[in-house]
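Working notes for the structure below.
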Amino acid sequence: MTVDAAIEAFLEFYAQDVVCRPAPGWIEGDGVCHGHDGFRRLAAVWTESIDDGALEVHEVRDLRDRVLVLAEFTGRSRDSGQPRSQRFGAVNSRLRSDGRVGEVRFFLTWQEARDAVGLVH
């Protein structure tokens, strides 16, 4: 699935006013994005420099009050044509009564995401 299609599919699970907290250094500015447009802006940081981008979800864990997602962006660098990939983790919280996520915090490694929810791997 392309990154853009995957992001749009993911947004079905997120509240319209979701608070997105990217990993340090992922984006410039205050580091917090709001709503579906903010979520898209985070994804665009990856897709702006990649051709043939794809998103693969490797693991989803329901932790009652949080949901851990371990995934990976892949593609080819627009500059060099070389393969690129970036694993990342997302901890989804503030789950709402309609099942949608109210807050998501991103991590640039799977281990950081696991640590954030107290999982030992």
Side-chain angles (χ1 to χ4, degrees):
M1 176 179 290
T2 68
V3 173
D4 291 336
I7 295 303
E8 293 306 312
F10 276 132
L11 287 176
E12 292 295 318
F13 298 100
Y14 291 87
Q16 288 290 328
D17 62 346
V18 63
V19 176
C20 304
R21 300 186 184 280
W26 191 341
I27 63 168
E28 294 180 22
D30 69 2
V32 177
C33 297
H34 298 274
H36 286 188
D37 286 340
F39 199 105
R40 289 181 188 104
R41 188 174 70 145
L42 290 178
V45 171
W46 175 260
T47 60
E48 288 173 350
S49 64
I50 296 295
D51 285 326
D52 302 324
L55 176 64
E56 181 178 353
V57 175
H58 290 267
E59 184 176 345
V60 176
R61 286 198 190 191
D62 181 349
L63 304 168
R64 290 188 168 174
D65 60 340
R66 296 177 289 178
V67 176
L68 172 66
V69 177
L70 302 179
E72 182 175 14
F73 286 127
T74 60
R76 289 183 303 107
S77 169
R78 284 200 177 133
D79 294 335
S80 68
Q82 294 296 313
R84 292 199 40 209
S85 68
Q86 174 64 57
R87 288 182 168 189
F88 68 94
V91 176
N92 299 279
S93 59
R94 291 183 36 214
L95 306 179
R96 301 193 176 167
S97 60
D98 65 0
R100 288 193 166 80
V101 174
E103 183 172 342
V104 58
R105 183 176 300 272
F106 292 94
F107 299 87
L108 292 180
T109 71
W110 289 358
Q111 191 57 53
E112 288 174 326
R114 287 185 186 109
D115 290 347
V117 298
L119 291 177
V120 178
H121 186 15

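A salt bridge links Asp98 to Arg100: one of the charged nitrogens lies within less than 4.0 Å of a carboxylate oxygen. Salt bridge status for Arg84 with Asp79: absent, with no side-chain N to carboxylate O gap under 4.0 Å.
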(request) Report the C-alpha separation of Asp115 and Phe107 in whole Å, then their side-chain angles, then the decisive distance to 0.1 Å, and conclude whether the side-chain contact (heavy atoms from CB on, under 4.5 Å) test is met. (result) CA-CA 10 Å; Asp115 290 347; Phe107 299 87; over 6 Å; no

(request) For side-chain contact (heavy atoms from CB on, under 4.5 Å), just list the numbers for Arg40 and Ile7, CA-CA rounded to whole Å, side-chain angles, deciding distance to a tenth of an Å, and then say yes or no. (result) CA-CA 7 Å; Arg40 289 181 188 104; Ile7 295 303; 4.3 Å; yes

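The minimum heavy-atom distance linking Cys33 with Arg41 is given by the pair SG-NH2, 2.7 Å. Residue Ser49 comes nearest to Val45 through the heavy atom pair OG-O, 4.2 Å, listed as atom of the first residue, atom of the second, then distance. Contact between Ala116 and Arg66 at its shortest, heavy atoms only, is O-NH1, 3.4 Å. Here the shortest heavy-atom pairing between Gly89 and Ala113 reads CA-CB, 3.7 Å. Between Arg105 and Glu103, the shortest heavy-atom contact is NH2-OE2, 4.0 Å. Shown here for Arg78 and Ile50, the closest heavy-atom pair between the two residues is NH2-O, 3.2 Å.
Looking only at side-chain heavy atoms (C-beta outward), Phe88 and Leu55 come within less than 4.5 Å of each other. Using a 4.5 Å heavy-atom cutoff, the side chains of Val67 and Val101 are not in contact. At least one side-chain heavy atom of Leu119 sits under 4.5 Å from a side-chain heavy atom of Arg61. Annotation: side chain of Val69 is not in contact with side chain of Glu59 (no heavy-atom distance under 4.5 Å). Residues Leu108 and Gln86 are in side-chain contact: their nearest non-hydrogen atoms beyond the backbone lie under 4.5 Å apart. Two residues are said to be in side-chain contact when any heavy atoms from C-beta on lie closer than 4.5 Å; Phe10 and Val57 meet this criterion.
Here the CD-OG distance, from Gln82 to Ser77, works out to 8.0 Å after rounding to the nearest 0.5 Å. Taken from CG in Asp37 to CZ in Phe39, the straight-line distance is 12.0 Å, to the nearest 0.5 Å. Atom NE2 of residue His36 and atom CG of residue Asp17 lie 8.5 Å apart, to the nearest 0.5 angstrom. Here the CG atom belonging to Leu70 is positioned 9.0 Å from the CZ atom belonging to Arg87, to the nearest 0.5 angstrom. Separation of atoms CG (Leu42) and SG (Cys20) is listed at 5.5 Å; rounding is to 0.5 Å. To the nearest 0.5 Å, atoms CZ (Arg21) and NE2 (His34) are separated by 7.5 Å.
Trp110 places a side-chain N or O within donor-acceptor distance of the main-chain N or O of Ala71, the cut-off being under 3.5 Å.
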